[in-house]
2 protein chains.
Amino acid sequence: MPKPADVAATGLRASALTDDLSFLLARANAIALSAGNAALAEHGLKARSYSVLSLAADGAGPSQRELAEFLRLDPSQVVSLVDDLQSRGLVERRPDPADRRANVVIATDAGRSLAAAARDSARSAEERVHAQLSADERQTLTDLLRALAFPDA
Amino acid sequence: MPKPADVAATGLRASALTDDLSFLLARANAIALSAGNAALAEHGLKARSYSVLSLAADGAGPSQRELAEFLRLDPSQVVSLVDDLQSRGLVERRPDPADRRANVVIATDAGRSLAAAARDSARSAEERVHAQLSADERQTLTDLLRALAFPDA
DNA sequence: TATTGTTATACTCTATAACTATA
DNA sequence: TATAGTTATAGAGTATAACAATA
């Protein structure tokens, strides 16, 4: 006998929203986000700060404007995310020699090792959340989502 | 020659995040959400209020608790969403005869026709956003996302 | 003139706890 | 004792505008 929660959900699962790609995207994202945030919490990170740290650790040396664009954040939000990471000694701001208006954000050694540890936590949480998909299905999903996430590619 | 915006994104597109299912989910959702909200604005709705109205119009007669669960919202958030829709004459709260603690939320005639109009707007916006996917790919994506969105199904 | 980063501000969303009425 | 709805409130996230430094 299903719990009340399941019964309730079952009743609405025949609704039109269940075929709505945007709704499914929102719900799947909410589930992944809360699992991800829970997994990252032990490292003092959230999805946002993790993604900034991860990009800074990747060696591409992104400017804050590039981070804002890639993560779909307002530049002012990037300021406070980088402030936080910098105050914890995880990233540095370096003036871009080619454009002195711009700050290049680079992970410190501590930042790189935290990013690696956080990535492991995030990945194992993700595997738990997506356990009902086969490896093939997960790959297909990743490719399709990438097409939506980067339409101009 | 690509615009600076494209160049910037291209630089980061080789990053590890680009293979991260949770990140792609977040970015695709952000894109779909902003397109959806823009399309729904002409009806005085947002994604949240639209989904509540849509479920109320579907005839299943959900309680507020069922709505909260299905939409992954806190019950107190559902209160204000229903308050707003009710004040505009789009839904009614009816006490559930079987459990007088519970309110069943049902769309009025005006609510049903607004829901239908809003759904058309939302769907054509969605088609624009997802134009680079074939019908087959979109169906595959919908099925895979449904598995993530409703893991217990 | 336009752009990068920054600050300030207001607004929305989210999470929590407490209360009431029913069960 | 537990649950549905409600209220209040604080915190996080989001959006906007304005400014200094630089292009």
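Naming: A, B, ... by sequence-line order, numbering from 1 per chain. In this text the structure is predicted, and so the values were computed from the model without any measurement.
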Is the backbone of B:S76 close enough, under 3.5 Å, to the side chain of B:D74 for a donor and an acceptor to pair up by distance? yes

Of all of residues 88-104 of chain A, which get a heavy atom below 4.0 angstrom from DNA chain D, listed by number? A:D99, A:R100, A:R101

Calculate the interatomic distance between B:R72 atom CZ and C:dC13 atom P; express it in whole Å. 18 Å

Ion pair check, A:D19 and B:R146, cut-off under 4.0 Å: yes

A:R13/B:D152 ion pair, N-O < 4.0 Å: yes

Find which nucleotide of DNA chain D each of A:N37 and B:D83 is nearest to by heavy atoms, and output the residue with the more 5' nucleotide. B:D83

Rounded to whole angstroms, how far apart are CG on B:D84 and P on C:dC13? 11 Å

When rounded to whole Å, the CD to C1' distance for the pair B:E69 and D:dA4 reads 12 Å

B:K46 NZ to C:dT14 P: how many Å, rounded? 11 Å

Would you confirm whether B:R112, through its side chain, and B:A107, through its main-chain N or O, come within 3.5 Å as a donor-acceptor pair? yes

Could you grab the distance from atom CG of B:L133 to atom CG of A:L148, nearest 0.5 Å is fine? 4.5 Å

Does anything in residues 14-37 of chain A pair up under ring pair (Phe, Tyr, Trp, His ring centres under 6.0 Å), and if so which pairs, sequence neighbours excluded? A:F23-B:F70

Ignoring hydrogens and angles, tell me if any N or O in the side chain of B:R65 forms a donor-acceptor pair with the backbone of B:P75 under 3.5 Å. no

A:R48 CZ - C:dC13 C1' separation (whole Å): 12 Å

Provide, to the nearest angstrom, the distance between the CG atom belonging to A:L73 and the P atom belonging to C:dT6. 15 Å

What distance separates A:Y50 OH from A:L114 CG, expressed to the nearest 0.5 Å? 10.0 Å

Any side-chain heavy atom of A:L40 sitting closer than 4.5 Å to one from A:K46? no

Distance in angstrom units between B:L67 CG and D:dT6 C1', rounded: 15 Å

Using nucleotides 16-18 of chain C, report all nitrogen or oxygen pairs with the protein that are shorter than 3.5 Å.
residue, atom, partner, partner atom, Å
C:dT16, O4, B:S76, OG, 3.2

Can you check the A:Q77 CD to C:dT9 P distance for me, whole Å? 18 Å

